[in-house]
Protein chains: 2
Amino acid sequence: MSKSETSNDLSFDFDFLDKLVVGIGEVSQITGIPPRQIRYWEEKGIIKSLTEEEGKNRRYNYENIKRMLLIKELLDEGYTLDASAEKVKKRMEMIEETLNKLKNK
Amino acid sequence: MSKSETSNDLSFDFDFLDKLVVGIGEVSQITGIPPRQIRYWEEKGIIKSLTEEEGKNRRYNYENIKRMLLIKELLDEGYTLDASAEKVKKRMEMIEETLNKLKNK
DNA sequence: TCAATAATTGTAAATAATTTACAATTGCAA
DNA sequence: TTGCAATTGTAAATTATTTACAATTATTGA
């Protein structure tokens with residue numbers, strides 16, 4: 001069975017995560033990070049919205065959300081924003097690797 | 001390690017799916033179903049938004065989205081909307097069972 | 001302590017996206 | 001061709017988000 005077909009096993013969920021794109025309000029609900037703070041992080045270049053056009057609503061994917069959650073954790077641990085962002089970059093690579101392994105299985 | 005802690009294994013993704021809530025625009029992007037059609041299905045009672053207050057924007061969870069995708073498939077196969085919804089109900093129970101097994105592992 | 005910088009927060013005005021309601025259209029089977 | 005299911009169109013009102021400018025709070029080194 002192809003990865004893109006619907007099924008009740010787990011292969012579908014990875015396709016789902018690939019397609020998943022949400023707005024700032026949803027990200028805020030999911031992560032507990034206020035929209036204002038998300039915009040600030042983006043302004044600083046810590047995260048990037050998928051939206052290309054100016055003035056349109058921001059869109060984030062799973063990787064973005066994951067990144068924000070990790071940064072939030074590190075901030076709580078006492079790291080600065082820049083240090084957190086740096087650490088997360090490395091951590092993201094590990095996660096990405098894990099997901100890719102599972103996706104191509 | 002607790003299920004709610006962040007990690008680079010998969011247990012996190014289930015927590016993520018639990019928290020995932022998206023608006024109608026995002027659902028439309030993810031599923032390919034036009035917002036107008038999603039509202040129509042809701043009007044008919046086929047799906048239900050999480051929003052309690054009238055006039056506020058609709059919110060959907062993972063189960064809702066999965067349901068819509070399954071209905072869309074069955075419609076393409078030639079089933080009526082009501083028949084699709086009925087079939088999906090049973091299919092959802094199987095999926096729910098599978099997810100619960102994995103969540104509590 | 002004081003100044004400087006980092007991080008966050010507040011908010012008004014403009015714009016984007018969604019809602020409801022009423023209506024029209026399309027497809028199909030009896 | 002009639003009837004019903006399913007979908008689609010759209011205007012006006014409302015909700016949510018954006019940008020821009022500014023203020024506030026926290027931390028750190030002199």
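Labels below follow one simple rule: chain letters A, B, ... track the order of the sequence lines, proteins then strands, and each chain is numbered from 1.
One can place CD of Glu42(A) at 13 Å from P of dA20(D), the figure rounded to the nearest angstrom. The nearest whole Å value for the distance from the CZ atom in Arg59(B) to the P atom in dA17(C) is 14 Å. One can place CZ of Arg36(B) at 14 Å from P of dA24(C), the figure rounded to the nearest angstrom. As rounded to whole Å, 12 Å separates atom C1' of dT15(D) from atom CD of Glu53(B). The nearest whole Å value for the distance from the CD atom in Gln37(A) to the P atom in dA7(C) is 11 Å. Rounded to a whole Å, the OH atom of Tyr79(B) is 17 Å from the P atom of dC28(C). Ile33(A) has its CD1 atom 15 Å from the C1' atom of dT9(C), to the nearest Å. As a whole-Å value, the separation of Tyr40(B) OH from dT26(C) C1' is 12 Å.
Nearest-nucleotide assignment on DNA chain C puts the 5′-proximal partner with Pro34(A), out of Pro34(A) and Asn57(B). The 5' end of DNA chain C is approached more closely, in terms of each residue's nearest nucleotide, by Glu43(A) than by the other of Lys56(A) and Glu43(A). Comparing Glu54(B) and Lys44(B) by the nucleotide of DNA chain D whose heavy atom lies nearest to each, the residue mapping closer to the 5' end is Lys44(B).
For dT19(C), the OP1/OP2 oxygens have a side-chain nitrogen or oxygen of Arg58(B) closer than 4.0 Å. For dT17(D), neither phosphate oxygen OP1 nor OP2 lies less than 4.0 angstrom from any side-chain nitrogen or oxygen of Arg39(A). Residue Trp41(B) places none of its side-chain N or O atoms closer than 4.0 Å to OP1 or OP2 of dA6(D).
Contact record, Lys72(A) with Thr31(A): NZ-O, 2.9 Å, taken as the closest heavy-atom pair. Scanning all heavy atoms of the two residues, the minimum distance from Pro35(B) to Ile24(B) falls at O-CD1, 3.6 Å.
With hydrophobic clusters built from ILVMFWY side chains whose heavy atoms lie under 4.5 angstrom apart, Leu17(A) shares a cluster with Met92(A).
At least one side-chain heavy atom of Asn64(B) sits less than 4.5 Å from a side-chain heavy atom of Leu50(B).
Using a 4.0 Å cut-off between charged side-chain N and carboxylate O, Glu42(B) and Lys48(B) make no salt bridge.
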